[in-house]
Engineer: 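One structure coming up, written as structure tokens, with questions to follow.
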Amino acid sequence: MAASPQIASLLGRRGRLELDDVLAALVVDGFLIADDARQVRMGTRDGRSMVELHPLVLIANAKLPNQREPGRPLSLEALTEWLASHAGLPYLKIDPMKINAAAVTQVVSHAYAQRHRILPIAATPGEMTFATCEPFDSAWALDLAQMLRRDVRRVVASPIDINRYLQEFYGVQRSIQLAQDAKGNDGSSAILNFEQLVELGKAGEIGADDRHVVHIVDWLLQYAFEQRASDIHLEPRRETGYIRFRIDGLMHKVFELPSPVMTAVTARIKILARMDVAEKRRPQDGRIKTRSATGREVELRISNMPTAFGEKVVMRIFDPDLVVKDFAQLGFSPGEVANWRRMVERPHGIVLVTGPTGSGKTTTLYSTLRHLATPELNVCTVEDPIEMVSPEFNQMQVHAAIDLDFAAGVRTLLRQDPDIIMVGEIRDLETAQMAVQASLTGHLVLSTLHTNDAPSAVTRLLDLGVPHYLIQSTLTGVVAQRLVRTLCPHCKQATTQDPQAWGVLTHDWSVPLPEEVFKPVGCLECRNTGFMGRTGIYEMMNLTPRLRSLISANLDLGGFSQAALSEGMRPLRISAAQQIARGLTTVEEILTVLPPIDTFDGASP
């Protein structure tokens with residue numbers, strides 16, 4: 001968008017933006033018609049809009065048609081980009097994950113930043129960067145440059161974002177400072193002794209002095225929900241504590257807390273999770289049920305462990321919406337949906353889902369159980385821990401301290417007249433034997449194993465000590481899976497596929513090179529990563545009569561894998577190639593999650 005001196009002069013003649021000037025400039029630039037501009041003016045004069053709002057916010061709230069792009073309203077981001085172009089400054093969509101709030105909030109006071117509608121976003125020894133929504137008001141920048149003895153760089157950002165992050169960054173930093181100041185000179189906790197607050201909490205009286213830590217924890221949870229985090233990590237170190245989020249499978253450092261405040265935050269989370277606050281030497285598990293800012297119910301599974309510098313806490317976030325997906329939404333192709341249904345809709349047998357930790361096995365099993373759970377069936381699970389409480393199932397928690405392990409749990413469930421049993425994981429021979437026993441007595445058993453591919457599940461059962469003839473009789477099928485990041489639908493760009501990279505992925509399989517694939521670009525929606533969300537890739541092995549006949553006490557895994565391929569099993573790489581051809585991901589992303597070819601599927605059929 002070319003900048004116009006005439007429009008810049010019109011916008012900047014009063015320093016701060018005025019609604020009439022902005023409307024006039026938009027009309028001159030062809031974004032609005034005069035009648036629409038008049039409508040906004042009349043709305044403010046009739047008191048229907050708040051006069052203290054920024055002019056761009058008032059115009060965006062009116063949802064007026066964009067005359068340059070028919071069919072699309074004038075959004076706040078579009079208006080902010082337009083303003084930046086005429087001010088001759090860069091436009092920036094603020095990404096809070098890339099801002100060191102602890103550093104930038106030390107530069108100017110909250111009152112000063114609020115008065116000038118600016119937000120510090122980056123600090124180096126020689127330069128400070130501020131986001132502003134008043135680009136023609138620059139007097140403050142000259143003053144700050146002299147006071148700070150640093151160059152001041154300005155960028156233009158949305159007024160709503162600036163106001164929001166002003167409140168969040170300074171609010172959280174203030175809470176951290178107050179919480180830190182609450183520590184006594186001797187290092188003992190003066191007002192943040194959560195061990196004492198436990199009793200107050202039980203009595204319904206949370207002391208006012210802990211409000212700063214409560215604020216930090218509330219902000220942390222809401223921030224994680226907004227950033228689409230799957231896990232929150234609180235990691236204590238010698239001088240400070242790190243807060244990191246796992247987003248789309250990758251870890252991102254988002255904040256640092258002073259060690260005393262990290263200790264208080266950890267204690268607050270343990271209280272919410274009904275864990276023993278006084279016990280700091282042993283690992284513990286807990287659960288928190290809360291709501292996101294949009295009102296959606298979210299469940300967090302809490303795990304803590306002692307480390308050299310304190311307790312490390314991991315909060316795994318479970319969104320109930322994720323486990324009500326149909327199979328296609330999980331990443332199954334139409335053929336894989338039909339194959340999976342054939343496995344799990346049988347009245348009896350064992351179906352195993354394999355893959356490393358974090359490969360989506362739990363989501364697949366829960367979605368399958370939701371699909372299978374009808375009023376006519378009794379669905380029971382035994383888990384360690386219960387990943388997500390669901391009203392459709394009867395769920396049992398493993399308790400090793402009272403000798404309630406997976407095997408004992410399955411033995412108990414068999415007396416509960418079940419139709420379908422889900423075992424969280426087959427870890428030992430006794431659990432495997434109980435799963436086999438349940439299958440032989442006419443039940444459908446779903447469970448997980450940690451193996452790299454589907455054929456290895458058979459050798460794992462043999463290694464555990466399950467007789468080969470029982471595996472032949474009970475095992476229905478095995479599905480190996482991985483999660484891969486999916487391209488952002490808003491910014492992905494069409495390109496051609498490199499034949500050499502395609503050959504590395506497909507490994508001599510006769511899979512045609514797709515005419516068009518997509519590559520990551522990066523935009524505001526995906527926070528410039530080019531990826532948004534994850535999907536599954538699957539390797540499905542049905543136990544055909546031929547494969548059953550090959551299962552023996554001295555099973556040759558290589559020969560068995562080759563037989564499975566010739567019986568119709570397609571390796572993970574070929575499932576991934578389909579996802580690439582559909583425009584969902586890239587070869588480079590696939591190769592980061594799959595094992596080397598020589599330890600994978602051997603050869604093509």
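Counting begins at 1 with the first residue of the sequence.
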Engineer: Can you name the nearest heavy-atom pair linking Val265 to Leu257, along with the distance?
Structural biologist: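 For Val265 versus Leu257, the nearest heavy atoms are CG2-CD1, 4.1 Å.
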Engineer: I'd like to know if the side chain of Arg150 reaches the main chain of Thr124, judged simply by a donor and an acceptor atom lying under 3.5 Å from each other, with no hydrogens or angles considered.
Structural biologist: yes
Engineer: Rounded to the nearest 0.5 Å, what separates atom CG in Leu74 from atom CG in Leu79?
Structural biologist: 5.0 Å
Engineer: I'd like to know if the side chain of Glu392 reaches the main chain of Arg370, judged simply by a donor and an acceptor atom lying under 3.5 Å from each other, with no hydrogens or angles considered.
Structural biologist: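 Checking the backbone N and O of Arg370 against the side chain of Glu392, no donor-acceptor pair under 3.5 Å is found.
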Engineer: Write out all pairs satisfying salt bridge (charged side-chain N to carboxylate O under 4.0 Å, His left out) with one or both partners inside residues 249-265, taking only residues at least two apart or from two chains.
Structural biologist: Lys253-Glu256
Engineer: Please check this pair: side chain of Glu311 against backbone of Thr263, looking for a donor-acceptor N/O pair closer than 3.5 Å.
Structural biologist: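 Looks like no, no N/O pair under 3.5 Å.
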Engineer: Determine the minimum heavy-atom distance between Ala273 and Ile302, stating which atoms define it.
Structural biologist: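 Where Ala273 meets Ile302 most closely, the heavy atoms are CB-CG1, 3.7 Å.
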Engineer: Could you tell me how the ring of Phe332 sits relative to the ring of Tyr538: parallel (under 30°), tilted (30 to 60°) or perpendicular (over 60°)?
Structural biologist: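 The rings of Phe332 and Tyr538 lie parallel, inter-plane angle below 30°.
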Engineer: Minimum heavy-atom separation for Gln497 to Ala501, with atom names?
Structural biologist: NE2-CB, 3.8 Å
Engineer: Quick check against the 3.5 Å criterion: does Thr486 have a side-chain atom that pairs as donor or acceptor with the backbone of Gly533?
Structural biologist: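 Between the backbone of Gly533 and the side chain of Thr486 there is a qualifying donor-acceptor contact (under 3.5 Å).
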Engineer: First locate atom CZ of Arg301, then atom CE of Met315, and finally report the distance between them rounded to the nearest 0.5 Å.
Structural biologist: 13.0 Å
Engineer: State, to 0.1 Å, how close Leu76 and Val57 come at their nearest heavy-atom pair, and which atoms those are.
Structural biologist: CD1-N, 4.0 Å
Engineer: Please check if the side chain of Ser259 supplies one atom and the backbone of Glu239 the other of a donor-acceptor pair under 3.5 Å.
Structural biologist: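 Looks like yes, one N/O pair under 3.5 Å.
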Engineer: Show, in sequence, the C-alpha distance, side-chain angles and deciding distance for Asp248 and Arg534, and conclude whether the salt bridge (Lys or Arg N to Asp or Glu O under 4.0 Å) test is met.
Structural biologist: CA-CA 6 Å; Asp248 293 338; Arg534 291 189 289 175; 5.2 Å; no
Engineer: I'd like to check Leu591 versus Arg573 (side-chain heavy atoms, cut-off strictly below 4.5 Å). Are they in contact?
Structural biologist: yes
Engineer: Do Val484 and Thr535 come close enough that some side-chain heavy atom pair is under 4.5 Å?
Structural biologist: yes
Engineer: Ignoring hydrogens, what is the shortest heavy-atom contact between Met128 and Pro120? Give both atom names and the distance.
Structural biologist: CE-CB, 4.0 Å
Engineer: Supply the atom-to-atom distance Ile537 CD1 to Ser359 OG, rounded to the nearest 0.5 angstrom.
Structural biologist: 10.0 Å
Engineer: If we ignore hydrogens and angles and just use 3.5 Å, is the side chain of Glu81 paired with the main-chain N or O of Leu92 as donor and acceptor?
Structural biologist: no
Engineer: State, yes or no, whether a side-chain contact exists between Phe531 and Leu250 at a heavy-atom distance under 4.5 Å.
Structural biologist: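 Side chain of Phe531 against side chain of Leu250, heavy atoms only: no contact under 4.5 Å found.
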Engineer: Go through the steps for Leu64 and Phe31 under the test side-chain contact (heavy atoms from CB on, under 4.5 Å), then give the verdict.
Structural biologist: CA-CA 10 Å; Leu64 300 172; Phe31 282 91; over 6 Å; no
Engineer: Relative to the ring of Tyr112, is the ring of His116 parallel (under 30°), tilted (30 to 60°) or perpendicular (over 60°)?
Structural biologist: tilted
Engineer: Could you walk me through whether Trp82 and Val156 pass side-chain contact (heavy atoms from CB on, under 4.5 Å), step by step?
Structural biologist: CA-CA 10 Å; Trp82 168 81; Val156 179; over 6 Å; no
Engineer: Salt bridge or not for Glu235 and Arg237, using N-O below 4.0 Å?
Structural biologist: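 Answer for the salt bridge query: yes.
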Engineer: Could you tell me if the side chain of Leu23 sits less than 4.5 Å from the side chain of Ile59, heavy atoms only?
Structural biologist: yes
Engineer: If the threshold is 4.0 Å, N to carboxylate O, is there a salt bridge linking Asp35 and Arg38?
Structural biologist: yes
Engineer: Any pair with a residue in residues 578-587 that passes salt bridge (charged side-chain N to carboxylate O under 4.0 Å, His left out), sequence neighbours left out, goes on the list, sorted by first then second residue, please.
Structural biologist: none
Engineer: Within a 6.0 Å radius of atom CD on Gln500, are there more than 12 heavy atoms belonging to other residues, nucleotides or ligands?
Structural biologist: no
Engineer: Ignoring hydrogens and angles, tell me if any N or O in the side chain of Thr105 forms a donor-acceptor pair with the backbone of Tyr170 under 3.5 Å.
Structural biologist: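 No, because the side chain of Thr105 does not come within donor-acceptor range (under 3.5 Å) of the backbone of Tyr170.
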Engineer: Please determine whether a side-chain nitrogen of the Lys or Arg among Glu589 and Arg485 lies less than 4.0 Å from a carboxylate oxygen of the Asp or Glu.
Structural biologist: yes
Engineer: With a 4.5 Å heavy-atom cut-off, do Thr364 and Gln481 have their side chains touching?
Structural biologist: yes
Engineer: Is there a side-chain contact (heavy atoms from CB on, under 4.5 Å) between Gln173 and His110 once you walk through the steps?
Structural biologist: CA-CA 10 Å; Gln173 275 309 124; His110 184 210; over 6 Å; no
Engineer: How about Asn163 and His54: does a side-chain donor come under 3.5 Å of a side-chain acceptor?
Structural biologist: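 No, no side-chain donor-acceptor contact under 3.5 Å.
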Engineer: Is the backbone of Pro96 close enough, under 3.5 Å, to the side chain of Tyr223 for a donor and an acceptor to pair up by distance?
Structural biologist: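 Checking the backbone N and O of Pro96 against the side chain of Tyr223, a donor-acceptor pair under 3.5 Å is found.
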Engineer: Measuring only between side-chain heavy atoms, which start at C-beta, is Trp502 closer than 4.5 Å to Pro512?
Structural biologist: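 Contact flag for Trp502/Pro512 side chains = no.
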Engineer: Is there a side-chain contact (heavy atoms from CB on, under 4.5 Å) between Phe130 and Val108 once you walk through the steps?
Structural biologist: CA-CA 11 Å; Phe130 289 87; Val108 294; 4.1 Å; yes
Engineer: Going by heavy atoms in the side chains, are Val155 and Leu89 under 4.5 Å from each other?
Structural biologist: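 Contact flag for Val155/Leu89 side chains = no.
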Engineer: Decide yes or no for Val587 and Val504: does some side-chain heavy atom of the first lie under 4.5 Å from some side-chain heavy atom of the second?
Structural biologist: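 Sidechains of Val504 and Val587: no contact.
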Engineer: On a heavy-atom basis, which atom in Cys526 and which in Gly530 lie closest, and how many Å separate them?
Structural biologist: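 Scanning both residues, the minimum pair turns out to be SG-N, 3.2 Å.
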